[in-house]
Amino acid sequence: MNKPFQTFDEQGDASQSAARMRALRSELAKRGVDGFMIPRSDEHQGEYVPKRAERLAWLTGFTGSAGLAIVLMEKAAIFVDGRYTLQVRNQTDTSLFETLDLMNDGPTNWLEANLTKGAKLGYDPWLHTQGAIERFRISAERAGATLVPLTPNAVDQIWPDQPEPPHARAVPHPLELAGETSQAKRARLAEDLKKRGADAAVLTLPDSICWLLNIRGADVPHTPFALSFAVLNADSSVDLFIEPRKSSLELLQHLGNEVRVRAPGDFGPALDALAAKSVLADPQWSAAFVFDRLERAGAKIVRASDPCQLPKACKNEAELAGTRRAHIRDGAALSRFLAWFAREAPKGHLTEIDTVEKLESFRQATGALKDVSFDSISGAGPHGAIVHYRVTKKTNRRVELDQLFLIDSGAQFVDGTTDVTRTVAVGKPTAEMRDRFTRVLKGHIQLALARFPEGTTGAQLDAFARRPLWDAGLDYGHGTGHGVGSYLSVHEGPQSISPRGTTQALKAGMICSNEPGYYKTGEYGIRIENLVVVREAGEIPGGEKKMLGFETITMAPIDLNAVEPAMLTEAERAWLNAYHETVRTALSPGLADDAETRAWLDQATRAI
């Protein structure tokens, strides 16, 4: 087996928080400010960040992928979303930090209540979006306080062994997988800029730049990003600002003469050079630094969505063909794992770490694995109820009989990104477990079967997956679906399926997850996740609207031992049987060398 992609050490260290907080407050006093905001983000505002940017974890001990700490001289708070409610309390020193909900409590409300009149609150303009800073500024002004941009970053000044910035090589992404040349993408987007009357667009999201230029990298964990900044000009040329060590002759030849490769230090002056021009910038994703610099230069800012996000989300046929291949390859690896798990788990010797390592070994054995697409969520018994649980050596739990086991994992292959969750009954599930599992399955199927008119948003579809749980007075606290990239980020916008979904309509070619769940704190968790592609649906007799639907592309059995068949409608039963027949047909050729797994697969995909 190659070097494993996952480690199991605790990344944060709350035991150091008190000393680090004292050092931070001392630094803030020297800088003449009364507080500082520490987001879990880097200059590119991505979900996955290099080790150098893990300032929130270094200060607080919290290692989740989304959060914000606000440190004042006498008090501090950390805000996380519903996925991390339990985790943040376990990982942080709650005598130092008040733990609050990012959505319901809100940092803006906390600032209004806790900032004193005349106070100065510092922030790093590279680490907050323009939209976020505008909201924070309103709250500060209501309290009679002011926001103060603070560079260099105050945490960086007190972090003695802060890691160096990443400098992995950027590489071309093959045309046969991208399905469209960079030149064609740039020309298409440049025409749109002209129609908007814009001279240029500033791009800061790594997945946008990688997609536009057909490049990939290895600057952050589990996601093939080449961190950089770019300016797309209305003549379709691009100025790419990237660390020189990431470049190569191969990359320069791939990019061509219309892409000017420049050092990151040139990015600010390049924004200055856009003075008096009309420049598109996205306030939801671009750092406040970008807006500050453009405003000082006198540019006319067009506030609009990143122009790469929607076309990137709508995959072309080459990208979809690649991701289907990736899911069949991944499904075979996952089936080998599930067959192994079915044999070994009842013996009582497996731990959560054992399962993660074994699943990764099966993916490694494909010979095509580039990385896992995120740290696997391996939750035995009560750990399955922690939505974004990450096993460590300290928390590692044994898989026990008559419990549920949840494994949420994914892979990065050069032809596609996967993300799949399966919940498995070890031994005999209780009647309640079977009821809850079947309700989650019913919701999953109802969303998979949905047909909807063009213009429908994910927020409108979210209730399809919740209805069977709602019928029993139950629910789950996360969205039902997120977008997924093509050998890019496992979490991709602008689409989502969520009560808090965006206004973005679902469009043909988008890849989304379908992942309803149920979580009983302290006992068990259930989630069933497949990836689906939005496709044009066949005509409905007598219908008047052009309809869309979902094609399920994840290929892996759903545990029939946890299903209560009597609760399924005929349509739901037909879907499940047809899905399992498709899985068996797709995966069997890749398992021809493994009679044991083939026999398990035949039984796991039997008709009910």
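Each residue takes its place number in the sequence, starting with 1. These numbers come from a predicted model, not from an experiment.
Outside the 6.0 Å centre-distance limit, the rings of F62 and F79 are not counted as a close aromatic pair. Between H222 and F374, the ring center distance fails the sub-6.0 Å criterion. Side-chain rings of H44 and F225 stay apart, their centers remaining 6.0 Å or farther from each other. The aromatic ring centroids of H478 and Y519 lie less than 6.0 Å from each other.
Annotation: cation-pi geometry satisfied between R436 and Y518 (NZ/CZ under 6.0 angstrom from ring centroid, within 45° of ring axis).
Donor-acceptor pairing under 3.5 Å is lacking for the side chains of S278 and D199. A donor atom on one side chain and an acceptor atom on the other are not found under 3.5 Å apart for Q45 and S286.
Between Q16 and W58 there is no side-chain heavy-atom pair separated by less than 4.5 Å. With contacts defined as side-chain heavy-atom distances shorter than 4.5 Å, the pair Y487/Q412 qualifies. With contacts defined as side-chain heavy-atom distances shorter than 4.5 Å, the pair R89/I78 does not qualify. Proximity of V80 to T99: side-chain heavy atoms (C-beta onward) are nowhere separated by under 4.5 Å. The closest side-chain heavy-atom distance from T223 to V490 is not below 4.5 Å. You'll find the side chain of S496 stays beyond 4.5 Å of the side chain of H482, heavy atoms only. Between P107 and F136 there is a side-chain heavy-atom pair separated by less than 4.5 Å. Contact annotation: the side chain of N233 never approaches that of V238 to less than 4.5 Å [non-hydrogen atoms, C-beta and beyond].
Ion pair E164/K51 not flagged as a salt bridge, since none of the NZ, NE, NH1 or NH2 atoms sits closer than 4.0 Å to an Asp/Glu carboxylate oxygen. Salt-bridge formation is detected for the pair D471/R467: a Lys NZ or Arg NE/NH1/NH2 atom is positioned less than 4.0 Å from an Asp or Glu carboxylate oxygen. At a threshold of 4.0 Å, the pair R40-E54 counts as salt-bridged, since one of the basic side-chain nitrogens sits closer than that to a carboxylate oxygen. Salt bridge status for R31 with E27: present, with a side-chain N to carboxylate O gap under 4.0 Å. One finds no salt bridge joining R188 and D192 here, because no Lys/Arg side-chain nitrogen approaches an Asp/Glu carboxylate oxygen to under 4.0 Å. Looking at E243 and K246, no side-chain N of the basic residue comes within less than 4.0 Å of a carboxylate O on the acidic one, giving no salt bridge. With salt bridges taken as basic N to acidic carboxylate O contacts below 4.0 Å, one links R390 and D375. Between E134 and R303 there is a salt bridge, since at least one side-chain N of the basic residue sits less than 4.0 Å from a carboxylate O of the acidic one.
Shortest non-hydrogen contact noted between E529 and S513 is OE2-CB, 3.5 Å. Contact record, W211 with P311: CH2-CB, 3.8 Å, taken as the closest heavy-atom pair. Contact between Q284 and T129 at its shortest, heavy atoms only, is O-CG2, 3.2 Å. Taking both residues in full, the closest heavy atoms of P307 and L203 are given as CD-CD2, 3.9 Å, listed atom of the first, atom of the second, then distance. Nearest heavy atom pair, residue P125 against residue D292, reads CB-OD2, 4.2 Å. In plain terms, the two heavy atoms of T417 and S486 that are nearest each other are OG1-C, 4.2 Å.
Between F267 and F229, the angle of the ring planes stays under 30°, which puts this pair in the parallel group of the 30/60° scheme.
A donor-acceptor contact shorter than 3.5 Å is absent between the side chain of D42 and the backbone of A53. Between the side chain of T395 and the backbone N or O of V391, no donor-acceptor pair lies under 3.5 Å. Of the possible polar contacts, none joining the K75 side chain to the M73 backbone as a donor-acceptor pair under 3.5 Å is found. Of the possible donor and acceptor atoms, one in the side chain of S489 sits under 3.5 Å from a partner among the backbone N and O of H491. The backbone N or O of A154 sits nowhere less than 3.5 Å from a side-chain atom of Q157 that would complete a donor-acceptor pair. In this structure, the side chain of R216 engages the main chain of C210 through a donor-acceptor pair within 3.5 Å. Panel note: side chain S17, backbone L59; a donor-acceptor pair is recorded below 3.5 Å. No donor-acceptor pair closer than 3.5 Å links the side chain of N514 to the backbone N or O of N530. In this structure a side-chain-to-backbone donor-acceptor pair under 3.5 Å is present from S41 to L127. At distances below 3.5 Å, at least one donor-acceptor pair connects side-chain atoms of D34 with backbone N or O atoms of K120.
Exactly one of K315, K507, Q495, M510 qualifies for a side chain to side chain contact (heavy atoms under 4.5 Å, CB included) with V534. That residue is M510.
The OG1 atom of T204 lies 7.5 Å from the CG atom of D282; values are rounded to the nearest 0.5 Å. Expressed to the nearest 0.5 Å, how far OG of S378 lies from NE2 of H383 amounts to 10.0 Å. To the nearest 0.5 Å, atom CG of residue D408 and atom CZ of residue R527 are 4.5 Å apart.
For CH2 of W285, the number of neighbouring non-hydrogen atoms (other residues, nucleotides, ligands) closer than 6.0 Å is 12 at most.
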Enumerate donor-acceptor pairs with a distance under 3.5 Å from any side-chain N or O in residues 146-153 to protein atoms, sequence neighbours excluded.
from: N153; atom 1: OD1; to: V155; atom 2: N; distance (Å): 2.8
from: N153; atom 1: OD1; to: D156; atom 2: N; distance (Å): 3.4
from: N153; atom 1: ND2; to: D124; atom 2: OD2; distance (Å): 2.9

